[in-house]
**Q** 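My questions all concern the structure below.
In what follows, chains are A, B, ... by sequence order, proteins preceding strands, each numbered from 1.
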Amino acid sequence: MSDNQLIKLRKEKLAKIRELGIDPYPIKSERTHKIDAVLCDKESWIESEEEVVLAGRLVAMRRQGKVGFGNLEDDSGRIQLFVSQNETGEENYELFKLCDSGDFISARGKFFFTNMGEYSLRVKEVVLLSKNMRPLPAVKEKIVDGKNVRYDEFSDIELRYRKRYLDLLLNPDHRKVFETRSKIVSAIRKFMDERGYIEVETPILQPLYGGANARPFITHHNTLDVDLYLRIAVELYLKRLIVGGFERVYEIGKNFRNEGMDRTHNPEFTMLEFYEAYSDLNGMMDMAEAMINHLAKDVLGKDSFHYNGYDVVLTQKFRRAGMHELVEEQLGMDVLNEDESVLRKFLEERKIEIPPGSGKGRLISIIYEEFVEPKLIQPTFVCDFPKEISPLAKAKPDNPLLADRFELVMAGGEFANAFSELNDPMDQRMRLEAQAALRAMGDSEANVVDEDFLEALEYGMPPMGGLGIGIDRLIMLLTENDSIKEVILFPQMKPEN
RNA sequence: GGUCCAGUAACUCAGCGGUAGAGUAUCUGCCUUUUAAGCAGGGAGUCGAUGGUUCGAGUCCAUCCUGGAUCACCA
C-alpha cells in the first residue's frame with residue numbers, strides 16, 4: 001500500500017470523525033499529569049482512585065472487539081491505556097476505534113493492574129487532540145529476559161538524518177543523545193559563569209574572516225552591496241573584547257568552514273572559545289582538564305568513555321608533554337635538533353605531501369600528525385607547537401621556533417586548541433603577513449591580514465590565555481558516538497535529487 | 001575526488017537469468033485483560049535511474065543518482 005493510499009484512508013477516517021461532530025484538531029487540550037509523574041508509586045495511585053488526564057501520542061494499539069489497549073507516550077514516559085466500551089460508553093468507544101497509532105489523544109481515568117499485571121490507565125474518556133495523517137514506520141518492541149528487543153527498527157541512516165523527527169520519535173535512545181548534549185552545554189555555561197566569565201555573542205557575518213586556518217563560506221549583503229564571510233572562528237572578536245576591558249569572555253556558537261564532510265566534520269559546527277586576561281597556557285590546561293573531568297564525573301557520572309575504538313579515561317590528570325618529546329617517544333627522532341632537510345626527506349620517503357612554503361616547524365607538525373597523534377589515546381595536552389603554524393600564539397621565550405600553544409588530544413583526535421595569546425602588535429602583523437605570503441603561494445586556508453584587529457592590538461591587550469573546544473566532538477566522546485552526524489540534530493546532507 | 005559496499009512494499013529484509021516474496025504496518029471480518037495480541041481474508045512495489053547483453057533482466061554489463069565505510073582533503 002503506497003503512502004498515498006495510506007493517507008487517503010486516514011482522510012476517510014478524518015471525515016468520519018468530523019461526521020461524529022468531533023474536531024480532530026481542537027484548540028484546547030487538557031492534561032493533569034505527565035506520565036512519569038504517575039509511573040512512580042503505582043500502588044498509591046491505584047489506592048487513591050484519583051482520576052487523572054494524561055496526554056500524548058498513541059504509539060501502539062491492540063484492539064480486540066469492545067476492549068482495546070494502547071500505549072500513550074509523552075516526553076517523560078510511556079504508559080498503557082485500557083479502553084473498554086463499558087467504561088467509555090458506545091459513542092466514545094467509536095472515536096477510540098477511529099484512532100490510529102500516531103494520533104495525539106488525551107485519556108481520562110484511574111489506575112489499576114491488568115490481569116497480566118501491567119499498571120494501566122482504565123480509560124473513562126478519550127479525547128482526540130491531533131489526528132495523524134501519515135502512518136509512522138512500524139517499530140515493535142518486546143522484552144526478552146529483561147532486555148528490550150526491537151523489531152523492524154527505523155534504522156536507515158540516511159532516512160534517520162533526513163527525517164530526524166522520525167528518528168527521535170521512534171528511537172528514544174537517539175533522543176537521549178540530544179538531551180545529554182543539552183545537559184552538557186548547560187553544564188559548560190554554568191562552569192564558565194561560575195568562574196567569572198561572561199557569555200558574549202559576536203558577528204557571524206564578518207567582512208573579513210580569521211582566527212583559524214580554513215576556507216570560508218561567502219555571502220552577500222544586498223543593501224551594503226558587499227560580500228560577507230560566515231565566521232570560521234570567533235577568536236579575533238573575543239580578543240577585541242579583551243582589548244575593550246572585559247577580562248573573561250566566552251562564546252558558544254556555530255562556526256562555518258567550507259570544507260569536506262566526514263565522520264568528524266560538519267560544515268557548520270559548534271565551538272566554545274574563551275579568553276582570560278592574565279592567564280596563560282597553564283591556566284588554560286587547568287580549565288580544560290577541570291571542565292572535562294567535571295562533565296564526565298559530575299554531569300554524566302562516568303569515568304571511562306568508549307570512543308573511536310578506545311576507552312578513554314576522563315577523570316584523571318591529563319598528561320602534558322611537548323610535541324617533540326612525543327615524537328621522540330614514538331619515532332626516536334629528535335626533531336628539534338634534526339636538520340630540516342632530514343625531516344623533509346623522512347616525509348618524502350613516506351610519500352607524505354608537503355605543502356609549498358613549509359619550513360621546519362610545519363614539517364615537525366606533519367610528522368607529529370601523521371605518526372604520533374593517532375597513537376595518543378588517553379587525554380594528552382600536546383604542547384610546544386611550532387610557531388610557524390601558530391600565527392596567533394606567543395613564541396616561547398626559550399625557543400623562538402616554538403609557540404606557547406597546546407592541543408588536547410584524546411582517542412587519537414584533536415579536541416581543543418589553546419595559546420598564550422600573541423599581544424605584540426608588531427609581531428602579530430609580521431605573522432599575519434607571513435600567512436598572506438603563504439596564501440599567495442596557493443594556501444587557501446592561510447589567515448588573511450585583518451587591519452582592524454591589528455589596530456585593536458596596538459591599543460594594547462593584556463597577556464592572556466585562550467582556548468577553543470569543538471563541542472560536537474566533545475559530545476561525540478561523551479555520548480560515545482563515532483559520527484558527528486549522530487550528535488547534530490540536522491546534519492548537512494546532500495540535497496535530494 | 002579514489003576505492004569498497006548498499007539501494008526491492010510504509011518499516012525491516014529475502015530473492016541474484018525464467019510469472020515480484022516474507023514478517024510487521026495497513027484494510028475487512030471475529031474477538032471484553034492484551035502487550036512483537038490472536039485467527040481468517042484482502043489490497044499494496046517503474047525492484048534507485050538510464051542505456052545495453054539476452055528469447056527472457058531486481059538478477060549480468062555500462063553510466064549516472066543517493067547513502068554508508070575508508071583513503072585523500074580538512075583541525
**Q** If only side-chain N and O atoms of R215(A) are considered, is one of them under 4.0 Å from the OP1 or OP2 phosphate oxygen of C74(B)?
**A**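 No, no such contact exists.
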**Q** Under 3.5 Å, is there any donor-acceptor pair linking the side chain of Q80(A) to the base of U34(B)?
**A**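 When only heavy-atom distances are counted, Q80(A) does reach the base of U34(B) through a donor-acceptor pair under 3.5 Å.
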**Q** Taking a pair as Watson-Crick or G-U wobble with both distances under 3.5 Å, which nucleotide is matched to A62(B)?
**A**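 Looking at the geometry, A62(B) pairs with U50(B).
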**Q** So, are K239(A) and E235(A) salt-bridged, with charged N and O less than 4.0 Å apart?
**A**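 Salt bridge: yes.
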**Q** In terms of the nearest nucleotide of RNA chain B, which residue is placed more toward the 5' end: M271(A) or R63(A)?
**A**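 Residue closer to the 5' terminus by nearest nucleotide: R63(A).
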**Q** Paired with A20(B): which nucleotide, if any, by Watson-Crick or G-U wobble criteria at under 3.5 Å for both distances?
**A**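 WC or wobble partner does not exist here.
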**Q** Under a 3.5 Å cut-off for both distances, is G1(B) Watson-Crick or wobble paired, and to whom?
**A**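 WC or wobble partner is C71(B).
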**Q** Could you tell me how far apart L121(A) (CG) and U34(B) (C1') are, to the nearest whole angstrom?
**A**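 L121(A) atom CG is separated from U34(B) atom C1' by 16 Å.
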**Q** Would you kindly check whether a donor in the side chain of E118(A) faces an acceptor in the base of U35(B), or vice versa, at under 3.5 angstrom?
**A**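 Answer yes: a donor N or O sits under 3.5 Å from an acceptor.
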**Q** Distance from I204(A) atom CD1 to R231(A) atom CZ, nearest 0.5 Å?
**A**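 So the gap between those two atoms works out to 4.5 Å.
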**Q** Should the pair R175(A) and F178(A) be classed as cation-pi, given the thresholds of under 6.0 Å to the six-membered ring centre and 45° from the axis?
**A**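 So R175(A) doesn't make the cation-pi contact.
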**Q** Rounded to the nearest Å, what distance is computed from the OH atom of residue Y93(A) to the P atom of nucleotide U32(B)?
**A**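 To the nearest whole Å, that distance equals 9 Å.
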**Q** G38(B) phosphate, OP1 or OP2: any side-chain N/O from R62(A) under 4.0 angstrom?
**A**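 It does not, given that no N or O in the side chain of R62(A) lies less than 4.0 Å from OP1 or OP2 of G38(B).
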